[in-house]
Number of protein chains: 2
Amino acid sequence: MKHILVVDDEPRIAEIARDYLERAGFKVTTAGSGADALAFARSRRPDLIVLDLGLPHVDGLDVTRTLRRQSSVPIIMLTARVDESDKLIGLELGADDYVTKPFSPKELVARVRAVFRRIDAAPERGDIIRAGEVTLDKRRMQASVGAQSIDLTSTEFELLATLASQPGRVFTRAQLLDAIRGVEVESFDRAIDAHVKNVRRKLEPDPRNPRYVLTVHGVGYKFAD
Amino acid sequence: MKHILVVDDEPRIAEIARDYLERAGFKVTTAGSGADALAFARSRRPDLIVLDLGLPHVDGLDVTRTLRRQSSVPIIMLTARVDESDKLIGLELGADDYVTKPFSPKELVARVRAVFRRIDAAPERGDIIRAGEVTLDKRRMQASVGAQSIDLTSTEFELLATLASQPGRVFTRAQLLDAIRGVEVESFDRAIDAHVKNVRRKLEPDPRNPRYVLTVHGVGYKFAD
DNA sequence: ACCGATGATGAAGGAATTATGAAGATGTCG
DNA sequence: CGACATCTTCATAATTCCTTCATCATCGGT
């Protein structure tokens, strides 16, 4: 069963949302502050968060920003004002959808269902990368070799995803830096070597004789094809 | 930097899209009508167009049709209707992907990125060199004779690519040195001989009687034509 | 067919590139 | 603030492969 966290400082609103969402078949937890929401999200990993933009102290955007550093949990924003809200949300990365207050509970349920549909729908083209026995799930940021799933840091994941998305293509270190860091950061090329080493340590059965992430001497790296 | 044209008659929607796409590192221009969009596309050549299907006067399909007569710019359609027939029509006319309204801005960004990934992944003109049975793929830095693929070092690959890019033309050793090393390096001419030997060993069915990389006595080498 | 000049070849040394472990820097969490 | 994780940098070891050289084969003009 999908677990939804509803965050609003007005208990009345939160309760209405809870009633409707529970009736729609979801498990619901409510939180009255941004701090509570963050603590809960960290420890219990809800499947979706309904978040009031106008929380006191730590507002919805702060919560979103903090959450986004560690998770890609879907967020639906509740916004009070119509005029400014779109702009604000537009500027802040991270919300998946938004509902303006006063909202109809039925609309909220519909939006929640829509988000889950999107997520559960057949993976987007390119969202799942399969290259031989290696599988990368971009949405869940999870990698696996065969049935064995492995933990990668976000940088390592991006690096591997870039390589595995086009097996056989040779990437220079500069290209890989772009892919994992964005163009703006200037970093020493050799940082890539360190990440490759770490990826190999986690991914390869025998890191000394890589089967997947291969070195192309004088050029860069490629994923085996 | 990639330049994206967003076309929607609702400024609110266009602005949200602009904000998200700019945060994602794209340069964005917005247009409120099909006529503006066509004018802009003609004069400024954006790298991708996000196009509302339900534009007034000249609708998205008209715009697409007109655009397609003169350009192959990627198009992502925004459509309110989920109707399957619209999808078919749009794809027939050359839309590259679809996002249904109301859309999550994050999804839009993801689709845009996916389209660019597809485009950038496609081999560019000149990236594949074909000379008889020999094929060179610069992106993969791999050569093949018929169906047999061959691993070359980067120097060997550059040497062969230089020769094969102009079959029949004779290259002096100095020219070949320039091509593989850059002008600045001073190296003994005869190093080329060694590379030719190695290329032949890997490439030729019978290295003693070369079929592809031919010696021009007293001058240099050429690729057979 | 001869002979000087040019090319082919295999081996060895050395330059350049990559691998690796550890330390420093940075940011995050409790 | 201290513990922890991650990313980057650095020094050094290991590896690749480029160049050179010596020797033998081939070419072309006479």
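Letters A, B, ... are given to chains in the order of the sequence lines, protein chains preceding strands, and every chain is numbered from 1.
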(message) For dA8(C) and Tyr221(B) - does any side-chain N or O of the residue sit under 4.0 Å from the phosphate oxygens OP1/OP2?
(response) yes
(request) Looking only at side-chain atoms of Arg208(B), point me to the closest of dG10(C), dT20(D), dT6(C). (result) dG10(C)
(message) With a 4.0 Å cutoff (strictly under), does any side-chain N or O of Thr153(B) reach OP1 or OP2 of dC18(D)?
(response) yes
(message) What is the separation between atom CG on Leu159(A) and atom P on dT8(D), rounded to the nearest whole Å?
(response) 11 Å
(message) Between P on dT6(D) and CD on Glu158(A), what's the gap in Å once rounded to a whole number?
(response) 15 Å
(message) Rounding to an integer number of Å, can you tell me how far Ile192(A) CD1 sits from dT6(D) C1'?
(response) 14 Å
(message) Please classify the nucleic acid contact of Arg200(A) as base, sugar-phosphate, or nothing, using heavy-atom distances under 4.0 Å.
(response) sugar-phosphate
(request) For Asp189(A) and dT18(C), give me the distance from atom CG to atom P, rounded to whole Å. (result) 10 Å
(request) Could you tell me how the ring of Phe223(A) sits relative to the ring of Tyr212(A): parallel (under 30°), tilted (30 to 60°) or perpendicular (over 60°)? (result) parallel
(request) Could you tell me whether the phosphate oxygens of dT19(D), OP1 or OP2, come under 4.0 Å of any side-chain nitrogen or oxygen in His195(B)? (result) yes
(request) Could you tell me whether the phosphate oxygens of dT18(C), OP1 or OP2, come under 4.0 Å of any side-chain nitrogen or oxygen in Arg190(A)? (result) yes
(message) Just the rounded figure in Å: distance from C1' of dA11(C) to CG of Asp193(B).
(response) 16 Å
(request) Provide, to the nearest angstrom, the distance between the CZ atom belonging to Arg173(B) and the C1' atom belonging to dA8(C). (result) 10 Å
(message) Under 4.0 Å between a side-chain nitrogen and a carboxylate oxygen: does that hold for Asp127(B) and Arg139(B)?
(response) yes
(message) If you compare every side-chain N and O of Thr215(A) against the phosphate oxygens of dA19(C) (OP1, OP2), does one of them come in below 4.0 Å?
(response) yes
(request) State whether Arg181(B) places a side-chain N or O below 4.0 Å from either non-bridging phosphate oxygen (OP1 or OP2) of dT19(D). (result) yes
(request) Check the surroundings of atom CG in Asp206(A): do more than 12 heavy atoms from other residues, nucleotides or ligands lie under 6.0 Å from it? (result) yes
(message) Looking at Arg201(B), I'd like to know whether one of its side-chain N or O atoms comes within less than 4.0 Å of OP1 or OP2 on dT9(C).
(response) no
(request) Ignoring the backbone of Ser154(B), work out which of dG30(C), dC18(D), dT9(D) is nearest its side chain. (result) dC18(D)
(message) When you measure from the side-chain N and O atoms of Thr155(B) to the phosphate of dC18(D), is any distance below 4.0 Å, counting only OP1 and OP2?
(response) yes
(message) Rounding to an integer number of Å, can you tell me how far Asn209(B) CG sits from dT9(C) P?
(response) 10 Å
(request) Say whether Thr215(B) and Arg200(B), considering side chains only, have a donor N or O and an acceptor N or O under 3.5 Å apart. (result) yes
(request) Answer yes when Glu204(B) and Arg211(B) have at least one side-chain N-carboxylate O distance shorter than 4.0 Å, and no when they do not. (result) no
(message) Please report the distance, rounded to the nearest Å, between NZ in Lys197(A) and P in dC7(D).
(response) 12 Å
